[in-house]
Number of protein chains: 2
Amino acid sequence: MVMNTQFKKGVLELCVLALLDRKDCYGYEMVDEISKNISISEGTIYPLLKRLKNEGFVISYLKESPDGPPRKYYRLTDLGKKKKDKLVDEWGEFSMGVNNLLYSKITNNLGDIKDE
Amino acid sequence: MVMNTQFKKGVLELCVLALLDRKDCYGYEMVDEISKNISISEGTIYPLLKRLKNEGFVISYLKESPDGPPRKYYRLTDLGKKKKDKLVDEWGEFSMGVNNLLYSKITNNLGDIKDE
DNA sequence: AATAGTACCTTGCAATATACGATACCTTGT
DNA sequence: ACAAGGTATCGTATATTGCAAGGTACTATT
């Protein structure tokens, strides 16, 4: 899926946290899951997961795979849940703000300037 | 307005183009207008306008101001209009994709794995 | 043994928002 | 005349982050 790279900045963090809020996932799985809606590559997710772990938003545990190397599953911490809720709120405000700019009547401040 | 910095990456370009599609604006004015919905600083908009001009999406012309230094107005070119339309579409797809991830039922691929 | 799919990870690059500062014009107050 | 503050522009340096490219390693299939 071709997609504006810049749009994703910061949003992928939200997507990962939102995904993990539903179920524990391993990295490779998240790429698949998220890719159904917005494109993401492995080179993005692994550094991101590492960062989220360093910041205490997730923990990880290993589990054997039936076909391949062991999978590293990630689970949201309480802190991660809070972070996710905060980001969801921020995303709502932000996307609403953008949509206002794109679609709403422009608020022009010229109401007090009369024709002459 | 406090706001996630990363969310804005790339979207401000869209906002500026959308604003200019309605009316010619000067930089300082755009900061005011956009700030009603999403926070933005002057240090952001001027480099952005310069880039948009270099890429041929806008042209600029000077106009005296009743109070202050002359204003540099920006106007969308045909190329800029196309770019704006494209970005609006991309934004629509993108934000829809994110909302799917945040709010929709998760599509789990475990339907063929039975309890045992 | 060779290939392909799964799964993990790192390095280096590119894009871009912002802080910070510089420049310059105008008005108002002292 | 001078200082202060609002209006308006522009440039530089920095931090964050997504991604391509590459590597490692395990399993199953050919």
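Bear in mind that the values here come from a model prediction, so they are computed numbers and not experimental data. Each chain gets a letter, A, B and so on, in the order the sequences are listed, and its residues count up from 1.
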| query | Side chains of A:K8 and A:S39: donor-acceptor distance under 3.5 Å anywhere? | reply | yes

| note | Winner on side-chain proximity to A:Y46, out of C:dA17, D:dG18, C:dC9, is C:dC9

| remark: Rounded to whole Å, the CG-P distance (A:N4 to C:dA14) equals 18 Å

| Given the rule that I, L, V, M, F, W and Y join up when any side-chain heavy atoms are under 4.5 Å apart, are B:F57 and B:Y61 in one cluster? | yes

| said: Let me test you: for the helix from C:dA1-D:dT30 to C:dT30-D:dA1, what is the angle between the axes at its two ends (five pairs each), rounded to 10 degrees? | reply: 10°

| request: Determine, for B:E33 against B:R22, whether the closest basic-nitrogen to carboxylate-oxygen distance falls under 4.0 angstrom. | output: no

| Rounded to whole angstrom units, what separation is found between the CD1 atom of A:I40 and the P atom of D:dT17? | 13 Å

| Nearest-Å distance, CZ (B:R71) to C1' (C:dC26)? | 12 Å

| said: When you compare the side chains of B:T77 and B:K83, does any donor N or O come within less than 3.5 Å of an acceptor on the partner? | reply: no

| Got more than 12 heavy atoms from elsewhere within 6.0 Å of CG, B:D78? | no

| query | Picking from D:dC19, C:dC9, C:dT6, which would you name as closest to the side chain of A:S41? | reply | D:dC19

| query | Between B:L20 and B:Y74, what is the shortest heavy-atom contact and its length? | reply | CD2-O, 3.4 Å

| message | Heavy-atom nearest nucleotide on DNA chain C for A:T44 versus B:T5: which residue maps closer to 5'? | response | A:T44

| request: Provide, to the nearest angstrom, the distance between the OH atom belonging to B:Y73 and the P atom belonging to D:dA8. | output: 8 Å

| remark: When rounded to whole Å, the CZ to P distance for the pair B:F7 and C:dT18 reads 13 Å

| Between atom CD1 in A:I45 and atom P in C:dT11, what is the gap in whole Å? | 19 Å

| Looking for any heavy atom pair under 4.0 Å, which part of the strands does A:L48 touch: base, sugar-phosphate only, or nothing? | nothing

| query | So which one's nearest nucleotide on DNA chain D is more toward 5', A:E42 or A:S65? | reply | A:E42

| query | Given atom CD of B:E13 and atom C1' of C:dA14, what is their separation to the nearest angstrom? | reply | 15 Å

| query | Hey, which of these two, B:P70 or A:K9, hits DNA chain D nearer its 5' end, going by closest nucleotide? | reply | B:P70

| request: Would you verify whether the NZ or CZ of B:K72 falls within 45 degrees of the ring axis of B:Y26 while also being under 6.0 Å from that six-membered ring's centre? | output: no

| task | Examine D:dT17: is either OP1 or OP2 under 4.0 Å from a nitrogen or oxygen in the side chain of A:R51? Give yes or no. | result | yes

| task | Compare the minimum distances between each of C:dC8, D:dC26, D:dG18 and the side chain of A:P69, then state the nucleotide with the smallest one. | result | D:dC26

| query | So which nucleotide from C:dT16, C:dT18, D:dT17 ends up closest to the side chain of A:Q6? | reply | C:dT16

| message | I want to check one thing: is the phosphate of C:dA15, taken as OP1 and OP2, less than 4.0 Å away from some side-chain N or O of A:K8? | response | no

| Is any side-chain nitrogen or oxygen of B:Y26 closer than 4.0 Å to OP1 or OP2 of D:dA8? | yes

| Rounded to whole angstrom units, what separation is found between the NZ atom of A:K63 and the C1' atom of C:dA7? | 15 Å

| request: Measure from the side chain of A:Y28, starting at C-beta and using heavy atoms only, and say which of C:dT6, C:dA17, D:dG18 lies closest. | output: C:dT6

| Going by atom types only, do A:W91 and B:N99 share a side-chain donor-acceptor pair under 3.5 Å? | yes

| message | Once you apply a heavy-atom cut-off of 4.0 Å, does A:K72 come out as touching a base, just sugar-phosphate, or nothing? | response | sugar-phosphate

| query | Are B:I59 and B:L19 connected in the hydrophobic side-chain network, where two residues link if heavy atoms are under 4.5 Å apart? | reply | no

| message | What's the closest nucleotide to the side chain of B:Y74 if the choices are C:dT16, D:dT17, D:dC10? | response | D:dC10

| field | Which nucleotide in C:dT10, C:dC8, D:dG18 has an atom nearest any side-chain atom of A:K50 | value | C:dT10

| If you look at every strand shown and take non-hydrogen atoms under 4.0 Å, does A:G27 touch a base, only sugar-phosphate, or nothing? | sugar-phosphate

